[in-house]
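Comments concern the structure below.
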Amino acid sequence: ENSKLRRDNERFVRLIDSGDWTKARVDEMQRAGEVLAGERAELTLLLQRLRDDYTSLQVEKQQQDEENRSLKDRLLSGNFVQRNKLIVKGGSSFNGLMRAIKSDVAESGIGMRNPTLLY
């Protein structure tokens with residue numbers, strides 16, 4: 001990186017010494033360099049935030065995978081009591097959801113127009 005900077009500086013010095021650039025053009029390039037440095041700093045911060053978000057998502061994914069694995073192990077294990085408890089718990093959640101949906105359909109009046117929705 002240092003050799004690249006040195007080459008760029010030598011090229012700029014040759015351009016300035018050759019008279020191709022005026023002092024205003026040099027000032028404009030310096031300001032542009034400062035703007036680019038600010039943008040680089042912002043991009044660095046953005047990359048750091050993206051890395052942090054990615055690592056947190058990976059941790060959450062790993063936790064979710066562990067939860068899924070433990071549920072699967074509990075369902076597929078030889079412990080029938082535990083499996084039945086999970087099935088009953090899931091079934092009661094489903095029945096509760098169905099009751100809520102039916103009451104919403106009944107309250108909205110859609111059930112009167114299409115009675116098959118209630119079943």
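All figures in this text were calculated on a predicted structure; none of them were measured in a lab.
- Look at D53 and R49 and you find no salt bridge, because none of the NZ, NE, NH1 or NH2 atoms lies under 4.0 Å from a carboxylate O.
- We find the CD-CG distance between E42 and L47 to be 11.5 Å, quoted to the nearest 0.5 Å.
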Legend entry - Trace of the side-chain contact (heavy atoms from CB on, under 4.5 Å) decision for Q64 with N68: CA-CA 6 Å; Q64 190 174 29; N68 288 341; 4.1 Å; yes
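- A distance of 9.5 Å separates CG of D65 from CD of Q58, quoted to the nearest 0.5 Å.
- Taking the side chain as every heavy atom from C-beta outward, V35 and R31 never approach each other to under 4.5 Å.
- With rounding to the nearest 0.5 angstrom, the CG atom of L50 is 11.0 Å from the CG atom of L45.
- Atoms CD and CD, from E34 and E39 in turn, are 12.5 Å apart once rounded to the nearest 0.5 Å.
- Checked by atom type, the side-chain pair Q48/D52 shows a donor-acceptor distance below 3.5 Å.
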